[in-house]
> 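Before I ask anything, here is the structure I am working with.
Below, chain A is the first sequence line, B the second, and so on; all start at residue 1. In this text, all values refer to a predicted model and were calculated from it rather than measured experimentally.
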Protein chains: 2
Amino acid sequence: MKKQIVEILRKNQLSITDGRKKILELFLESDSALAHHDIEEKIQEKFDRVTVYRTLQAFMDKGIIHTIPTADNSIKYALCKDDCEQGHHHDDHIHFVCKQCGQTICLDEVHVPSVRLPQGYHADQVEVVVSGLCKECN
Amino acid sequence: MKKQIVEILRKNQLSITDGRKKILELFLESDSALAHHDIEEKIQEKFDRVTVYRTLQAFMDKGIIHTIPTADNSIKYALCKDDCEQGHHHDDHIHFVCKQCGQTICLDEVHVPSVRLPQGYHADQVEVVVSGLCKECN
DNA sequence: AAAAAAATGCAACTTTGTTGCAAAGATACC
DNA sequence: GGTATCTTTGCAACAAAGTTGCATTTTTTT
Ligand SMILES: [Mn+2]
Ligand SMILES: [Mn+2]
Ligand SMILES: [Zn+2]
Ligand SMILES: [Zn+2]
């Protein structure tokens, strides 16, 4: 695990720091997406709030994590499983938000459906967020 | 128009106040979704920030407007065209965000596709947000 | 027109996010 | 390993966004 973490950081040309290792570990351990707030809560050692922001930004830039849109002003972040790179994400899976337990989950095996847009529109990216009851809560 | 505004408020059992009339007018006039911030900008008369929050909340509760999730912490709001009521929204259309002009648009004529979830999951609601180039910017 | 009910504005506060800069830490090179 | 260089961190100070209680104003009801 520790090995894998350093591996990922190195592969992405990020210097290996305690904060980055810890936050990346959090993502690797978690099976649901994390908001900035969740990260600050879950980290026992305290890293400055600003560091967490900057780390998330760095991970985003490198294509290590991706965002999941929400309607409550609390962007969620999750590991990219696919081959995302520096500046280009290719996460084409859908996301699930459980109304019971509140967890946000990447359903990597469910690909985003293709949507037919009206004449003139050009789609770059399709985000699908399904809410309801998850496997556990159902 | 003025007539329609009062009509909508009355139908939803909201008392007719200047703030609500003005904000509802804004939504009726706009062809793109509005964030809280946009509303404060567009209103010339100044209503207190808190009033705007409370108005949006009231409109949401009544099913007059619906939210559109974003990945940048700026929830967008738009009029419900369908038959949304007190507590139950039935907006099953997709949303489009233009990367050029930044506008968020309800594509009322494009229904959300059905997604097949893994065993055990139960979907209540499907949100689809497509981003790319809009009709105008393409 | 008066009474009752509801919405507003204000103040005070909390939470969230941003920026510049000095200190600390990581990497590269010898 | 030891040192120079480059990067990251924490802190402070700030800005923006969101919440709550309460007195005043406005709207609705009678
Ligand atoms: Mn995902
Ligand atoms: Mn819509
Ligand atoms: Zn659940
Ligand atoms: Zn556009």
> Nearest heavy-atom pair of A/Ile5 and A/Leu24: which atoms, and what distance?
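Shortest heavy-atom separation between A/Ile5 and A/Leu24 comes out as O-CD2, 3.7 Å.
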> Determine whether more than 12 heavy atoms belonging to other residues, nucleotides or ligands lie under 6.0 Å from atom CD of B/Gln13.
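Atom CD in B/Gln13 is not crowded, with 12 or fewer foreign heavy atoms closer than 6.0 Å.
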> What N/O pairs connect the protein and nucleotides 28-30 of chain C at under 3.5 Å? Give each pair on its own line.
none

> Distances for protein N/O vs nucleotides 13-17 of chain D N/O pairs under 3.5 angstrom?
none

> Which pairs pass ring pair (Phe, Tyr, Trp, His ring centres under 6.0 Å) with one or both residues in residues 8-33 of chain A, sequence neighbours excluded?
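For residues 8-33 of chain A, and leaving out neighbouring residues, there are no ring pair (Phe, Tyr, Trp, His ring centres under 6.0 Å) pairs at all.
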> For A/Thr67, enumerate each residue passing the side chain to side chain contact (heavy atoms under 4.5 Å, CB included) test, keeping only those at least two apart in sequence or located in another chain.
A/Met60, A/Ile75, A/Tyr77, B/Ala71
> According to the ring pair (Phe, Tyr, Trp, His ring centres under 6.0 Å) rule, which pairs have a member within residues 119-138 of chain A, sequence neighbours left out?
A/Tyr121-B/Phe96
> With sequence neighbours left out, what residues match B/His37 under side chain to side chain donor-acceptor pair (under 3.5 Å)?
none
> Counting only heavy atoms and a strict 4.0 angstrom limit, can you tell me which residues of residues 5-13 of chain B come near DNA chain D?
none
> Tracing side-chain links under 4.5 Å among I, L, V, M, F, W and Y, which residues wind up in one group with B/Val50?
none
> Other residues, nucleotides and ligands only: do more than 12 of their heavy atoms fall within 6.0 Å of NZ on B/Lys99?
yes
> Taking A/Val115 as the starting point, is it possible to reach A/Val128 by hopping between hydrophobic residues whose side chains are less than 4.5 Å apart?
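Yes, A/Val128 and A/Val115 fall within the same hydrophobic cluster.
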> Looking at A/Glu25 and A/Lys22, is there a salt bridge between them, counting it only when a charged N and a carboxylate O are closer than 4.0 Å?
yes
> Starting from C1' on D/dT8, measure out to CZ on A/Phe59 and report it in whole angstrom.
12 Å
> Near DNA chain C, counting only heavy atoms under 4.0 Å, which residues of residues 15-30 of chain B show up?
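Contacts with DNA chain C under 4.0 Å: B/Ser15, B/Thr17, B/Arg20.
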> With sequence neighbours left out, what residues match A/Lys42 under side chain to side chain donor-acceptor pair (under 3.5 Å)?
none
> In whole Å, I'd like the distance from the CG atom of A/Leu56 to the P atom of C/dT16.
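Computing the A/Leu56:CG to C/dT16:P distance gives 14 Å.
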> My understanding is that only residues two or more places apart in sequence, or in another chain, count here; which of them pass side chain to side chain contact (heavy atoms under 4.5 Å, CB included) with A/Glu136?
A/Cys134
> C/dT8 C1' sits how many Å from B/Lys46 NZ, rounded?
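Checked: the NZ to C1' distance equals 16 Å.
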> Got a sec, which residues hit side chain to side chain contact (heavy atoms under 4.5 Å, CB included) with B/Thr70, two or more places apart in sequence or on another chain?
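Testing B/Thr70 for side chain to side chain contact (heavy atoms under 4.5 Å, CB included), a comparison that skips the adjacent residues, returns B/Asp72, B/Ser74, B/Lys76.
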> Could you state the atom-to-atom distance from CG of A/Asp48 to C1' of C/dT19 in whole Å?
13 Å
> Using heavy atoms to find the nearest nucleotide of DNA chain D for A/Arg54 and B/Ser74 separately, return the residue whose nucleotide is more 5′.
A/Arg54
> Could you state the atom-to-atom distance from CD of A/Gln57 to C1' of C/dT16 in whole Å?
15 Å
